[in-house]
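Values below: every heavy atom of this structure, side chains too, minus hydrogens, waters and symmetry copies.
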Amino acid sequence: MPRQVDHAERRRRIADAVCELADERGLEGVTLRDVAARAEVSMGAVQRCFRTKEEMLVFALGHIGERIGARVRARLVRSPAQSAGTALGHAATEVALLREEHRAEARVWLAFVAQAAVSEALAATVQANYAALQESFARLIEEACTDTDAAGAGADTGRAAPLDPRREARALLALADGLTTHVLIGHLTPREAEDVLHTHLARLLPQ
């Protein structure tokens with residue numbers, strides 16, 4: 001009997017190959033032929049999985065976005081006892097891709113974001129990823145504000161006015177995303193970027 005092909009696994013292998021090549025050469029250097037060679041599949045197999053190169057790139061972008069999202073979710077559930085403010089700090093750090101082991105992923109993500117400026121299909125995927133992250137941040141900020149207000153009822157919380165969780169979530173996501181670029185080009189060290197991020201969080205949610 002012919003061996004059954006796991007199409008979902010093959011698509012993931014191809015996506016991994018796209019990301020590896022994008023890290024080495026940028027997206028402009030990613031060809032179907034090279035993707036097939038790196039994934040150790042035939043050109044025909046790639047074309048059966050994806051009708052066009054853009055479709056392949058969209059899937060690869062979603063694949064890397066899901067990896068980042070999965071790490072964020074893992075940090076949120078790893079310690080159920082952690083406060084919402086602590087969880088927010090962990091999630092924002094994951095999104096910023098500051099650790100050395102995520103440097104290649106950061107390069108690939110930014111390559112896709114740059115390409116998304118001229119590709120509606122890629123832009124839609126980036127927007128969906130940002131929307132999901134922003135929603136997670138907003139929920140954690142709202143929870144953290146509730147916890148702080150409950151703990152300090154009748155006391156000065158250090159805030160001049162109530163926070164707008166969605167607005168603050170947008171600002172935090174933009175900051176985390178921008179820090180990725182600053183570290184990659186060498187303007188900031190990872191330690192300096194973490195300091196920027198955690199200083200912002202301390203001002204946002206004073207203890």
Side-chain angles (χ1 to χ4, degrees), residues 19 23 61-114 116 125-207:
C19 292
D23 182 35
L61 173 57
H63 179 62
I64 196 170
E66 175 56 31
R67 286 208 312 246
I68 297 170
R71 287 202 303 272
V72 171
R73 292 190 294 272
R75 291 298 296 265
L76 298 183
V77 302
R78 190 173 300 158
S79 178
Q82 67 186 346
S83 69
T86 299
L88 179 64
H90 290 327
T93 301
E94 290 291 350
V95 170
L97 300 172
L98 301 179
R99 291 199 291 275
E100 180 63 35
E101 62 265 32
H102 298 150
R103 199 61 46 79
E105 198 170 63
R107 288 191 295 266
V108 174
W109 175 256
L110 288 182
F112 272 113
V113 170
T125 302
V126 172
Q127 290 168 16
N129 276 289
Y130 282 155
L133 291 170
Q134 182 178 301
E135 188 62 33
S136 294
F137 283 2
R139 185 177 65 253
L140 289 168
I141 291 170
E142 186 172 17
E143 290 177 11
C145 289
T146 300
D147 292 345
T148 300
D149 292 343
D156 182 3
T157 63
R159 292 199 296 270
L163 293 179
D164 179 337
R166 294 189 64 79
R167 182 179 62 196
E168 297 300 339
R170 286 195 294 270
L172 179 57
L173 179 57
L175 175 61
D177 207 44
L179 288 173
T180 306
T181 302
H182 283 245
V183 170
L184 278 183
I185 66 173
H187 176 64
L188 295 176
T189 67
R191 186 181 295 276
E192 287 170 337
E194 286 187 17
D195 181 64
V196 170
L197 184 58
H198 291 294
T199 297
H200 175 80
L201 288 168
R203 291 171 179 164
L204 177 65
L205 300 169
Q207 299 299 315

Side-chain contact, heavy-atom cut-off 4.5 Å: T146 with E143?
no
Is any side-chain heavy atom of V95 closer than 4.5 Å to a side-chain heavy atom of F137?
yes
Would you say that W109 contacts N129 through its side chain, given a criterion of any heavy-atom pair below 4.5 Å between the two side chains?
yes
How would you list all residue pairs meeting ring-ring contact (aromatic ring centres under 6.0 Å, His included) that involve residues 170-199, not counting sequence neighbours?
H182-H187
Non-neighbouring partners of E66 that pass salt bridge (Lys or Arg N to Asp or Glu O under 4.0 Å), sequence neighbours left out
R73
Go through the structure and list residues passing salt bridge (Lys or Arg N to Asp or Glu O under 4.0 Å) with R103, not counting sequence neighbours.
E100
Applying side-chain hydrogen bond (donor to acceptor under 3.5 Å, both in side chains) to H200 and not counting sequence neighbours gives none
Decide, yes or no, whether a salt bridge links R99 with E94 under the criterion of side-chain N to carboxylate O below 4.0 Å.
yes
Return the set of residues passing salt bridge (Lys or Arg N to Asp or Glu O under 4.0 Å) with D164 (not counting sequence neighbours), or none when no residue passes.
none
Those residues at least two apart in sequence (or on a different chain) that pass side-chain hydrogen bond (donor to acceptor under 3.5 Å, both in side chains) with R170 are none
Do L172 and L197 have side chains that approach each other closer than 4.5 Å (heavy atoms only, starting at C-beta)?
yes
Nearest heavy-atom contact between D23 and A104 is OD2-CB, 3.4 Å
Which residue is it: T93, L88, T86? I am looking for the one with a side chain to side chain contact (heavy atoms under 4.5 Å, CB included) to H90.
T86
